[in-house]
Amino acid sequence: MTGLLLFQVAVILVAARLCGLLLARLGQPPVIGEMAAGILLGPIVFGAALPELHAALFPATSLPALSALSTLGLVLFMFVIGAELRAPEGARAQVLAAVRVAGLSAALPFVLALAVAPLLHARLAPQGVGFWPFASYLAVALSVTAFPVLARILKDRGLQQTAIGRLSLSAAALLDVMAWIALALLVALAGGGGYSRLVWTLAGLALLLLVVFGVLKPLFAWLLRHHAHDGKPSGTVLAALLVGLCACAAATEWLHLHAVFGAFLFGACLPRDERLVHSLVERIEHLALVLLMPVFFALAGMGTTADAFTATGAGALLLILAVAVSGKLVGGGLGAKLSGYSTRDSMAVGSLMNARGMIELIVMKVGLDAGLIGPEMFTLLLLVALATTLMTGPLLSLCGRGRPARDAGASASSAQPRPE
């Protein structure tokens, strides 16, 4: 079984890298190609074309091992995302602008998703899942913005230090926090066990927040200040960080939340030090992105189903895509317009907030694991995540906001911010 696992990882890495390079040549972030590779390796492409070979390469008994690797990748990735999180900086007007963009680019798709949920619940909700848990999850899933892929697009187009670049990144950071809080509460509500389980989960989460920000935050601030003053943790300090990370991730799993919540919280409690973030990216995140996250994409592809590709499924896909795109473009654009930005810049901000990328996949995985959605809705949301992220670059070009750097694909593995 170990030999099969290693061979599976080799196949996944080759497919992810080839698709990533292809998409990078087309001016897209390589992570979009890696997401597409997951679909290609799943049952709707590879499994349909060569079912016997697919069954031999990815037997059901081998999927738990791949799932463990993908969870480790998610935990490491979300840890660095939390460590990178920054509150909006600058004048009061800039902070208010970021709040407006984040709020409206979340609120509008949220409301639109609730409005169309009655048309989707009967057909696509798993058996036993009520309307409000399903509708609320759909609303949260369509409200997220991918901070990492947004940062990569801005860097490739030379927009990271512009007014719209700083506004979009600040708004995306705020939106990340809102989305993870809402998703954590939703998973807790959907966990079953009645109000006693919900009270236990929320009480445990409150205690974890107290421990993370009341105990671990000053403890690791002292540790890093005295033993990693240059922002480069030694092997012992890095091990301590990984212990804290795994403990927090395990705690949220025990609370019947997903491990990614604990990883995100622990990362967010670390000091805001760019040197530390750079060291974590170099030593942890590159490993997670290059080796483990492609496994996550492949496992996501295994969760797709051809049953979504029916006339009803096509109609649902178009409806969800319309809600996802219009909510972000109008909501984000309106937030920027109300903050005094020009129409063109407002449209560019709305286009950037429409990028979902890897964060959407993580939200989808949490929803699938919690039983809030089934394989059909998972498949449709995966296609929406790909489509909305793919259209971000062309929409920016229509707004006259830069073109990708010629060497964006070649430098994707080493450039900062990361290629997601």
Side-chain angles (χ1 to χ4, degrees), residues 23-33 88 90 93-109 112 142-176 318 320-360 384-409 412 415 417-420:
L23 267 291
R25 287 185 174 275
L26 299 177
Q28 295 287 348
V31 70
I32 304 302
Q94 294 174 313
V95 175
L96 289 177
V99 171
R100 289 191 193 99
V101 171
L104 288 173
S105 66
L108 190 55
L112 291 175
L142 296 186
S143 300
V144 300
T145 292
F147 178 88
V149 74
L150 189 154
R152 180 66 221 181
I153 291 172
L154 288 172
K155 182 171 180 64
D156 284 348
R157 292 172 178 265
L159 299 174
Q160 68 270 34
Q161 296 302 324
T162 63
I164 65 167
R166 292 193 297 269
L167 173 63
S168 300
L169 284 174
S170 296
L174 287 174
L175 194 52
D176 270 356
L318 292 176
I320 297 169
L321 187 60
V323 167
V325 175
S326 62
K328 285 294 184 182
L329 292 182
V330 176
L334 181 60
K337 189 68 175 176
L338 292 175
S339 301
Y341 286 77
S342 68
T343 300
R344 188 179 70 169
D345 285 349
S346 298
M347 291 174 60
V349 170
S351 301
L352 287 164
M353 299 304 290
N354 189 44
R356 286 172 173 83
M358 189 187 299
I359 298 299
E360 175 78 344
V384 168
L386 279 171
T388 55
T389 309
L390 280 168
M391 67 176 63
T392 301
L395 285 174
L396 278 178
S397 296
L398 287 176
C399 297
R401 283 301 175 181
R403 294 184 178 278
R406 292 175 63 89
D407 61 346
R418 305 172 319 278
E420 296 67 50

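Residues passing the side-chain hydrogen bond (donor to acceptor under 3.5 Å, both in side chains) test with Arg166, sequence neighbours excluded: none. Legend: residues meeting side-chain hydrogen bond (donor to acceptor under 3.5 Å, both in side chains) with Thr343, ordered by chain and number and at least two apart, are Lys337. For Leu321, the side chain to side chain contact (heavy atoms under 4.5 Å, CB included) partners two or more places apart in sequence, or in a different chain, are Val325, Val384, Ala387, Thr388. In this structure, the side chain to side chain contact (heavy atoms under 4.5 Å, CB included) partners of Leu338, at least two apart in sequence or on a different chain, are Arg100, Leu104, Leu334. Every side chain to side chain contact (heavy atoms under 4.5 Å, CB included) that Ala355 has, sequence neighbours left out, goes to Val149, Thr392. Residues passing the side chain to side chain contact (heavy atoms under 4.5 Å, CB included) test with Ser143 are Ala106, Pro109, Phe110, sequence neighbours excluded. Legend: residues meeting side-chain hydrogen bond (donor to acceptor under 3.5 Å, both in side chains) with Ser168, ordered by chain and number and at least two apart, are absent.
Of all heavy-atom pairs spanning Met353 and Lys328, the tightest one is O-CD, 3.3 Å. Taking all atoms of both residues into account, the shortest heavy-atom contact from Gly165 to Leu154 is O-CD1, 3.6 Å. Residues Gln28 and Thr389 approach most closely at OE1-O, 3.9 Å, considering heavy atoms. Across Ala324 and Asn354, no two heavy atoms sit closer than the pair O-OD1, 3.6 Å. Nearest heavy atoms, Leu174 versus Ala102: CB-CB, 3.9 Å. Annotation for Ile32 and Leu390: closest pair CG2-CD2, 3.6 Å, computed over non-hydrogen atoms.
Distance check: Leu396 CG to Met347 CE gives 10.5 Å after rounding to the nearest 0.5 Å. The line from CG of Leu142 to CG of Leu112 is 9.5 Å long, rounded to the nearest 0.5 Å.
Annotation: side chain of Leu150 is in contact with side chain of Leu169 (closest heavy-atom distance under 4.5 Å).
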Kindly indicate, with the supporting measurements, whether the criterion side chain to side chain contact (heavy atoms under 4.5 Å, CB included) is fulfilled by Leu329 and Leu395. CA-CA 10 Å; Leu329 292 182; Leu395 285 174; 4.1 Å; yes
